[in-house]
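Below is one structure; the comments refer to it alone.
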Amino acid sequence: MIGQWDIPYPAVTLGSISTNIQYGLTASTARGETGVRFLRISDVGDLGDYVATEPVYADASPDEARKYGVIAGDLLIARSGVSAGRAFVVPEGFEGWAFASYFIRFQLRQGVVEPEFLKFYCQSQMYHAQIYRIARGAAQPNVNSHELAGLQIPLPPRSEQRRIVEILQEAEAVRRLRAEADRKTAELIPAIFQGMFGDPTRNPKGWQAKTLGKLLDGEPQNGLYKPSTDYGSGTPIIRITDFYDGRLTTRAFQRVRVHEMEAARYRLQEGDILLNRVNSMEYLGKSALVEQLEEPTIFESNMMRLSLKRGEVEPRFLIQFLQTGRALGDLRRRAKQAVNQASVNQGDVRSLQVIVPPLQLQRRFVRVAREVEETALLNQGGAPSTRASSDELLASLLAQAFVGKLTAGWREQNANNLAAETHQRDEALQAIGVAPARLPPEPEHEQPERDDGRMSELSSEQRRLYKQLPDRPFTASSLAGEISGPLQSRPEAIRRQLEVLCARGLLLSVKRRRQDSTQRVELAQLYRKPTPEEEGWLEKQMKLLVQSLEGNES
């Protein structure tokens, strides 16, 4: 159900607007140009883009090639594994490609939904909340065609769909600039690493080697398992699809409902390293450095967290070492094989041999790497802080797009034309036997007083807290005695929720010097609401983006 969102559009099921639903082709593959061009789950990224670096072909008969050949506008949804729910809307130029068996294809009725609208919808929290509710299986989540056919899709008139797509494409272009800068950086930094430290496999400079366990502050920690029914809202959680090549590739994480003790136990810190411990062999051991988290974030069970002794090793140095052939090869040789996957345990990770150059040289590498990243980004027309901002900008726009907030002003200005178009849409749906339904909001989700999109993914507890905040500066401890509800008299729980509000730009956090009863000076954490002049970058960027599009039309 998408009833927890109060939307001004009718909702239809994916199956009701599809003319054909079909599982893909099971076939052997080859790199040579024989057979039919093949589209696999691994060829599609989490953002719905084609990410393969080289073509793959399938051994298929002419009849199979016709039966499984895609056409522009087809929607392919992954049905199994950690990629379950990953969606790809086939663009122009893919005609004749066959799609693999772990996809389910939905061929859509013409004239009902814009393909690009559907592509962005499949990136939204509204879509993923439904996927998590229906996914089954702890180690290998999976969904079937019947369940996917029941996915609900908000259906604005097509001109409003196109308007939403225009705005989201602008935000996506900003993020692509950052991704291009990251790609160029990823090509340069390994070469810098090897130039400074030599090939770790041969260790020509004779650096001391230590086991990874001796560089850790405590033991490796496996992540949190939660059933799929707990996903869709709550605390951000990093999954193994959220990182690659040593870095987090998104900040638009999925969310999961957790208890306070779970949130505290699995909360990530800046400088932690995440390592994939269960996967197919080609992805086993991939890792990422945790940086630039916007709010308290946790991590899933199929990875482990490494906290480092900062006086022994720099996180940025170690994460680059873990990308080398030596590190990945050593780790994968320790792996235990099972059906379709391999795994390493904490002992395997602790025993991994790591070269340890002098700390001063490690820090020099970190400085050079940062300079390279900033230069690459500036050459793309961005700024050093753009990665997190561009991700959050698009995530916030997605949160507004499918509940009607993103185009509310435009919809009011075009009310007459939209009324006629809405009538035509409803008649077309009735002609094919589709009865669109307007779904009421769930009672626990009150409409927030603010309506700028930043509260769209807050929990009901966070919204209730926000409405009780005073207009003067306050601390978590002082607030504990002033508010009502479940958070009353619980300053630590309040502090965690206040950090979420700060990350959303709804509060400002400042430090104040004070003396305790022993005259010791310490820093107190104060919070306050921002003034109108201090409203965050995100809100301003969203408004500028919409205004620029409106200006282009006038």
Side-chain angles (χ1 to χ4, degrees), residues 2 5-12 14 17 47-49 72-73 75 87 89-92 108-128 151-177 252 390-429 434 436 438-439 450-457 538-554:
I2 58 174
W5 286 274
D6 186 12
I7 61 176
Y9 316 122
V12 296
L14 178 58
I17 59 171
L47 304 179
D49 295 333
L75 171 64
V89 176
V90 178
E92 299 287 345
L108 305 171
R109 295 184 184 275
Q110 295 294 315
V112 175
V113 62
E114 293 289 322
E116 283 293 305
F117 176 86
L118 201 56
K119 171 192 169 183
F120 282 115
Y121 178 69
C122 291
Q123 297 177 38
S124 72
Q125 190 70 17
M126 187 182 292
Y127 169 81
H128 284 290
L151 289 174
Q152 292 179 315
I153 302 170
L155 199 66
R158 291 188 71 191
S159 60
E160 188 168 356
Q161 293 180 35
R162 289 190 287 268
R163 179 63 174 173
I164 290 169
V165 167
E166 288 175 355
I167 297 172
L168 295 178
Q169 284 177 335
E170 289 282 339
E172 189 177 53
V174 173
R175 186 168 61 179
R176 288 185 188 281
L177 286 176
S390 60
D391 279 348
E392 189 165 341
L393 172 61
L394 183 55
S396 296
L397 291 172
L398 285 167
Q400 296 183 66
F402 305 103
V403 296
K405 294 179 182 178
L406 188 60
T407 48
W410 180 88
R411 190 165 57 249
E412 183 177 348
Q413 294 172 4
N414 294 272
N416 292 335
N417 292 335
L418 287 174
E421 194 175 337
T422 298
H423 179 70
Q424 294 171 0
R425 176 202 61 198
D426 292 345
E427 281 190 336
L429 291 174
V434 176
R438 293 188 182 275
L439 302 174
R450 300 180 63 109
D451 194 26
D452 59 8
R454 286 180 286 170
M455 295 184 68
S456 58
E457 293 186 355
L538 184 60
E539 183 184 8
K540 294 177 182 177
Q541 291 297 310
M542 287 190 290
K543 289 180 179 178
L544 289 172
L545 186 57
V546 176
Q547 289 170 1
S548 68
L549 285 168
E550 290 172 346
N552 290 337
E553 291 185 351
S554 60

Are [X] and [Y] ion-paired here, with the side-chain N under 4.0 Å from a carboxylate O?
| X | Y | value |
| --- | --- | --- |
| Arg425 | Glu160 | no |
| Glu166 | Arg163 | yes |
| Arg158 | Glu114 | yes |

[atom1] of [X] to [atom2] of [Y]: how many Å apart, nearest 0.5 Å?
| X | Y | atom1 | atom2 | answer |
| --- | --- | --- | --- | --- |
| Gln413 | Leu418 | CD | CG | 11.0 Å |
| Thr422 | Arg411 | OG1 | CZ | 9.5 Å |
| Ile167 | Leu406 | CD1 | CG | 4.0 Å |

Audit row: Val113, Val12, side chain to side chain contact (heavy atoms under 4.5 Å, CB included) steps and yes/no: CA-CA 11 Å; Val113 62; Val12 296; over 6 Å; no
Non-hydrogen side-chain atoms of [X] and [Y] separated by less than 4.5 Å:
| X | Y | value |
| --- | --- | --- |
| Gln169 | Phe120 | yes |
| Leu155 | Gln161 | yes |
| Val434 | Val112 | no |

Backbone of Trp410 reached by a side-chain donor or acceptor of Thr407 within 3.5 Å: no
Exam field: side chain Glu421 to backbone Ser159, donor-acceptor pair closer than 3.5 Å: yes
List the atom of [X], the atom of [Y], and the distance in Å for their closest heavy-atom pair.
| X | Y | answer |
| --- | --- | --- |
| His128 | Cys122 | NE2-O, 3.3 Å |
| Leu108 | Gly73 | CD1-O, 3.8 Å |
| Ala401 | Ile164 | O-CD1, 3.5 Å |
| Pro154 | Pro156 | O-CD, 3.4 Å |
| Tyr127 | Tyr121 | CB-O, 3.1 Å |

Audit row: Leu75, Lys119, side chain to side chain contact (heavy atoms under 4.5 Å, CB included) steps and yes/no: CA-CA 8 Å; Leu75 171 64; Lys119 171 192 169 183; over 6 Å; no
